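Have a look at the structure below before the remarks.
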Amino acid sequence: HPILFGGGGNRTVLLNSFGSSNLLRCVSTWLQGTCRSTELRPPCPAPVLHWRSVILGAGAWDLQSRPCCEQTEARMQRLVSTVRSVVETALRHADTVVWMTTTPAPEHAGCCHDPKLNYSGHEHLRGQVGTVGYCNHDASTQNRLVAAMVRATFSTQRVAIADTHSAVASRCGASYRHCAIQSQFASDGKLVMCNVHFTPSGYAEVHGPAVARALSSLVL
């Protein structure tokens with residue numbers, strides 16, 4: 001998941017941390033700003049930026065593993081602890097924080113291999129190594145644990161959760177192999193191994209309203 005910073009006026013910046021561990025290392029630098037290109041004095045004065053709201057997420061990158069589906073309780077707890085540190089850091093630079101849940105992914109043999117589940121997938125995907133490394137029950141567990149941590153740790157006036165998982169599941173189904181907003185077909189009609197990216201219209205029509213609801217609960 002990318003990270004979206006919402007500032008004053010129309011200023012927004014879209015960055016991708018590739019996981020909450022990287023996000024934790026970068027979020028403070030990203031939020032406090034960098035020196036201007038015209039600044040000649042080393043070191044340049046530290047920028048002082050403050051944000052009205054920050055929207056964060058890193059679930060899909062956090063859950064991927066090789067080999068896939070190796071989600072343990074200890075690993076989940078480490079992920080939740082990292083998210084807590086990310087939110088705490090972001091709150092030093094912003095009035096409010098919205099955390100986006102991990103959305104579902106297509107569940108077929110190209111995306112999700114799980115011996116407990118009977119995913120045979122498309123014909124040419126059988127026997128392939130999963131390209132995502134998590135199944136939707138892993139995402140549900142992660143979302144539940146993060147939500148519990150947020151409720152126990154932060155004020156509801158400063159931190160909210162955007163339930164993009166439910167938004168996607170409502171459009172595509174709780175378990176799906178293909179969905180129009182997350183197509184498993186390339187532009188030439190051929191099947192792809194595993195596409196976990198959403199269409200621009202999907203972001204606008206499905207993810208956007210969920211994020212807007214969470215954001216409005218904090219800033220309105």
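None of the values given here were measured: they were computed from a predicted structure. Any value given below was found using the heavy atoms of this structure, including those in side chains, with hydrogens, waters and symmetry copies removed.
Under the 3.5 Å distance criterion, the side-chain polar atoms of S217 are matched with a main-chain donor or acceptor of A214. Remark: side-chain polar atoms of W51 are paired, donor with acceptor, to backbone N or O of L31 under 3.5 angstrom. With hydrogens and angles ignored, the 3.5 Å screen pairs a side-chain donor or acceptor of N136 with a backbone N or O of A105. With hydrogens and angles ignored, the 3.5 Å screen pairs no side-chain donor or acceptor of S81 with any backbone N or O of Q77. At distances below 3.5 Å, not a single donor-acceptor pair connects side-chain atoms of D62 with backbone N or O atoms of L79. Proximity of a side-chain donor or acceptor of H178 to a complementary backbone N or O of S183 within less than 3.5 Å is not detected. With N22 contributing its side chain and G19 its backbone, the two residues share no donor-acceptor pair below 3.5 Å. For the pair R177 (side chain) and P106 (backbone), a donor-acceptor distance under 3.5 Å is absent. Within the 3.5 Å criterion, the main-chain N or O of G202 finds a donor-acceptor partner in the side chain of T199. With hydrogens and angles disregarded, no donor-acceptor distance shorter than 3.5 Å links the side chain of R25 to the backbone of S20.
Inter-residue side-chain proximity for V219 and R52 is flagged as met; some heavy-atom pair is nearer than 4.5 Å. A heavy-atom distance below 4.5 Å is found between the side chains of F154 and R84. Looking at M76 and L63, their side chains come closer than 4.5 Å, going by heavy atoms from C-beta outward. In this structure the side chain of F185 never reaches within 4.5 angstrom of the side chain of K190, judged on heavy atoms. V211 places a side-chain heavy atom less than 4.5 Å from the side chain of M100. Using a 4.5 Å heavy-atom threshold, the side chains of T96 and V54 count as separate. Looking at H197 and Q182, their side chains never come closer than 4.5 Å, going by heavy atoms from C-beta outward. Looking at heavy atoms from C-beta onward, Q142 lies out of side-chain contact with T101 at the 4.5 angstrom threshold.
The two residues L91 and R158 come nearest to each other via the heavy atoms O-NH2, 3.2 Å. The shortest heavy-atom contact between Y176 and G173 is CD2-O, 3.5 Å. Annotation for R213 and S216: closest pair O-OG, 2.9 Å, computed over non-hydrogen atoms.
Side-chain contact, H165 with T102: no donor N or O sits under 3.5 Å from an acceptor N or O. Side-chain atoms of T89 and S28 include no donor-acceptor pair closer than 3.5 Å.
To the nearest 0.5 Å, the span separating OG1 on T156 from CG on L218 amounts to 8.5 Å. The CZ atom of F198 sits 6.5 Å away from the SG atom of C172 when rounded to the nearest 0.5 Å. One distance of note links CZ of R151 with CE of M149; it measures 10.5 Å at 0.5 Å rounding. In this structure, the separation between OG on S21 and CG on L23 is 9.0 Å, given to the nearest 0.5 Å.
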Begin from the C-alpha positions of V86 and L56 and carry the test side chain to side chain contact (heavy atoms under 4.5 Å, CB included) through to its verdict.
CA-CA 9 Å; V86 166; L56 306 165; 3.8 Å; yes
Candidate pair Q32 and R92, rule side chain to side chain contact (heavy atoms under 4.5 Å, CB included), full reasoning:
CA-CA 10 Å; Q32 72 185 12; R92 298 174 194 159; over 6 Å; no
Side chain to side chain donor-acceptor pair (under 3.5 Å), that's the test. Do T164 and T103 meet it? Break it down for me.
CA-CA 6 Å; T164 51; T103 55; 5.6 Å; no
Run the side chain to side chain contact (heavy atoms under 4.5 Å, CB included) check on W99 and V159 step by step: do they pass?
CA-CA 8 Å; W99 183 263; V159 181; 5.5 Å; no
Give the C-alpha distance, both sets of side-chain angles, the deciding distance and a yes or no for side chain to side chain contact (heavy atoms under 4.5 Å, CB included) between Y203 and I181.
CA-CA 8 Å; Y203 280 116; I181 65 171; over 6 Å; no
